[in-house]
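Below is one structure, written out as structure tokens, with a few remarks after it.
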Protein chains: 2
Amino acid sequence: MVESGLLRSYTVDSKGKEHIYMFGPENWIVTDNCPPGSPCQLYIDAIEDAVLKVATKEELLKETPDINALLRRLNAMQTRIVMLMSANAKERYEHFIQTYPDIIQRVPQRMIASYLGITPEALSRVRKELSHRQQ
Amino acid sequence: MVESGLLRSYTVDSKGKEHIYMFGPENWIVTDNCPPGSPCQLYIDAIEDAVLKVATKEELLKETPDINALLRRLNAMQTRIVMLMSANAKERYEHFIQTYPDIIQRVPQRMIASYLGITPEALSRVRKELSHRQQ
DNA sequence: TTCATTTCTTGATGTACATCAATGCAGCCG
DNA sequence: CGGCTGCATTGATGTACATCAAGAAATGAA
């Protein structure tokens with residue numbers, strides 16, 4: 001649970017490449033929740049200096065069995081999947097800046113590219129095209 | 001809630017193409033859970049004749065506030081995102097047949113391709129390559 | 001300030017997968 | 001039986017994005 005600062009969780013694929021799964025700004029819970037018996041998928045580290053509240057799953061569920069928070073999270077994941085399946089690089093970026101305008105300010109572009117599932121070069125070109133189009 | 005049969009939920013992108021978000025076999029809950037005020041993303045229909053139990057969100061949460069089911073579902077979504085971001089067509093297919101061997105038998109290949117985020121043609125070629133390799 | 005380090009951009013080329021089009025191959029119904 | 005209809009396969013071609021490599025620009029430390 002992030003009290004201040006900014007975390008990221010990410011996987012590393014078979015070629016050693018990192019893919020950011022989610023950003024964790026203030027008040028987000030960042031966790032892998034690996035099912036018992038199977039290994040975790042995610043690494044977690046801090047992009048900004050952060051203050052965290054660390055808890056086990058049991059403590060967390062006892063404190064705040066907040067079903068609605070879980071449902072919102074499920075919904076965010078659903079939107080992410082839909083985006084990854086049905087939108088191209090430009091559409092994904094546009095959706096991201098609308099949905100998380102604050103995050104954009106705080107992380108380097110290469111991490112946004114990683115979150116979107118594209119390379120930094122591809123993101124750079126998308127941004128160039130968008131900035132031209134505005135004028 | 002699926003009592004028998006098989007559902008699919010899917011989106012339709014800006015070009016009219018369908019993308020299967022999830023399959024709903026027996027005992028799965030299939031829903032969009034759209035946040036209030038925003039439109040839904042998913043269509044739902046039946047691949048096999050099905051018997052359903054239909055409930056509102058409130059009824060469902062009152063009956064079975066099953067946090068662990070929600071967590072498992074979150075985990076499945078996480079795995080799906082990780083796959084879409086970090087695995088190629090062949091890896092995604094191999095993961096799918098390991099994770100949902102039963103589903104393979106029950107749906108046409110074009111729907112599996114749609115779930116994997118590739119075209120039926122691409123899936124056909126992946127399968128061809130895998131069957132050659134086995135011999 | 002200067003140098004070092006990292007990030008961003010730009011261009012040239014490569015590749016995984018999409019698209020398009022044709023063919024094969026069931027199952028089904030007259 | 002023949003003809004239809006939808007799915008799977010195969011080949012040829014197209015394209016979005018990746019990769020590689022080189023600068024440019026920002027960041028940060030001494």
Side-chain angles (χ1 to χ4, degrees), chain A residues 6 8 10-20 23 45-49 80-97 103-135, chain B residues 6 8 10-20 23 45-49 80-97 103-135:
Chain A
L6 182 58
R8 69 196 251 262
Y10 59 97
T11 40
V12 178
D13 69 19
S14 51
K15 292 184 209 144
K17 243 179 88 176
E18 294 180 2
H19 303 270
I20 293 184
F23 294 109
D45 58 30
I47 299 175
E48 300 171 1
D49 289 346
R80 187 136 161 66
I81 291 170
V82 166
M83 277 293 138
L84 286 171
M85 289 206 300
S86 66
N88 64 22
K90 188 170 81 178
E91 292 166 334
R92 297 213 287 273
Y93 177 66
E94 287 176 317
H95 178 265
F96 183 83
I97 57 183
I103 300 286
I104 302 262
Q105 323 300 331
R106 297 168 67 181
V107 311
Q109 281 183 32
R110 36 183 286 281
M111 290 196 184
I112 293 175
S114 173
Y115 180 92
L116 296 176
I118 61 179
T119 58
E121 294 94 326
L123 178 57
S124 174
R125 287 183 244 262
V126 164
R127 285 167 50 85
K128 185 182 174 187
E129 191 194 339
L130 285 177
S131 68
H132 284 173
R133 180 157 312 185
Q134 280 179 356
Q135 294 154 13
Chain B
L6 182 59
R8 69 196 251 261
Y10 59 97
T11 41
V12 179
D13 70 19
S14 52
K15 293 184 208 144
K17 242 180 88 175
E18 294 179 2
H19 303 269
I20 294 186
F23 294 110
D45 58 30
I47 300 175
E48 299 170 2
D49 290 347
R80 189 135 160 65
I81 291 170
V82 166
M83 277 292 139
L84 286 170
M85 289 206 302
S86 66
N88 64 20
K90 189 169 81 177
E91 293 166 335
R92 296 213 288 273
Y93 177 66
E94 287 176 317
H95 179 264
F96 183 83
I97 57 183
I103 300 287
I104 302 263
Q105 322 300 330
R106 296 168 67 180
V107 310
Q109 281 184 34
R110 34 182 291 282
M111 290 195 183
I112 294 175
S114 172
Y115 179 93
L116 296 176
I118 61 178
T119 57
E121 293 94 326
L123 178 55
S124 174
R125 288 184 244 261
V126 164
R127 284 166 51 85
K128 185 182 174 187
E129 192 194 340
L130 285 177
S131 68
H132 283 173
R133 181 156 312 187
Q134 279 178 358
Q135 295 156 9

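Reminder, nothing fancy here: chain letters follow the sequence lines and each chain counts from 1.
Of the inter-residue distances, the one linking A:Y93 atom OH with A:M83 atom CE reads 15.0 Å to the nearest 0.5 angstrom. Between the CD1 atom in B:I104 and the CD1 atom in B:I97 there is a gap of 6.0 Å [rounded to 0.5 Å]. One finds the CD1 atom of A:I81 at 5.5 Å from the CZ atom of B:R80 (value rounded to the nearest 0.5 Å).
Whole-Å rounding puts the A:L116 CG to D:dA16 C1' distance at 15 Å. Here D:dC7 presents its P atom at 13 Å from CD1 of B:I112, a figure rounded to the nearest Å. Between A:L84 atom CG and D:dC17 atom P the separation is 12 Å, expressed in whole Å. For B:Y93 and C:dC17, the OH to C1' distance is 17 Å, given to the nearest whole Å. Whole-Å rounding puts the A:M85 CE to C:dC17 P distance at 16 Å. The distance between atom CD1 of B:I118 and atom C1' of D:dA8, rounded to the nearest whole Å, is 13 Å.
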Name the pairs: protein N/O against N/O of nucleotides 22-29 of chain C, kept only if under 3.5 Å.
none

Taking only N/O atoms, report every protein-nucleotides 6-10 of chain C pair under 3.5 Å with atom names and distance.
{"residue": "C:dT7", "atom": "OP1", "partner": "A:R110", "partner atom": "NH1", "Å": "3.2"}
{"residue": "C:dC8", "atom": "OP1", "partner": "A:Q109", "partner atom": "N", "Å": "2.6"}
{"residue": "C:dC8", "atom": "OP2", "partner": "A:Q109", "partner atom": "N", "Å": "3.4"}
{"residue": "C:dC8", "atom": "OP2", "partner": "A:R110", "partner atom": "N", "Å": "3.1"}
{"residue": "C:dT9", "atom": "OP2", "partner": "A:Q109", "partner atom": "OE1", "Å": "3.0"}
{"residue": "C:dT9", "atom": "OP2", "partner": "A:S124", "partner atom": "OG", "Å": "3.0"}
{"residue": "C:dT9", "atom": "O5'", "partner": "A:S124", "partner atom": "OG", "Å": "3.2"}

> Passes side chain to side chain contact (heavy atoms under 4.5 Å, CB included), A:L130 versus A:K90? Steps please.
Replying inline: CA-CA 8 Å; A:L130 285 177; A:K90 188 170 81 178; 3.9 Å; yes

> Can you check side chain to side chain contact (heavy atoms under 4.5 Å, CB included) on A:L84 and A:R92, steps first, answer last?
Replying inline: CA-CA 8 Å; A:L84 286 171; A:R92 297 213 287 273; 4.1 Å; yes

For residues 108-125 of chain B, please give each side-chain donor-acceptor pair under 3.5 Å, one per line with the distance, not counting sequence neighbours.
{"residue": "B:Q109", "atom": "OE1", "partner": "B:R127", "partner atom": "NE", "Å": "3.3"}
{"residue": "B:S114", "atom": "OG", "partner": "B:E18", "partner atom": "O", "Å": "3.4"}
{"residue": "B:S114", "atom": "OG", "partner": "B:I20", "partner atom": "N", "Å": "2.9"}
{"residue": "B:T119", "atom": "OG1", "partner": "B:A122", "partner atom": "N", "Å": "3.2"}

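Judged as a side chain to side chain contact (heavy atoms under 4.5 Å, CB included), and not counting sequence neighbours, the contacts of B:D45 are B:R8, B:Y10. Qualifying side chain to side chain contact (heavy atoms under 4.5 Å, CB included) partners for A:D13, counting only residues two or more places apart in sequence or in other chains: A:K15, A:K17, A:H19, B:S86.
Taking every heavy atom of residues 12-19 of chain A and every atom of DNA chain C, no pair lies under 4.0 Å.
Without hydrogens or angle criteria, A:E91 side chain to A:N88 main chain gives a donor-acceptor distance under 3.5 Å.
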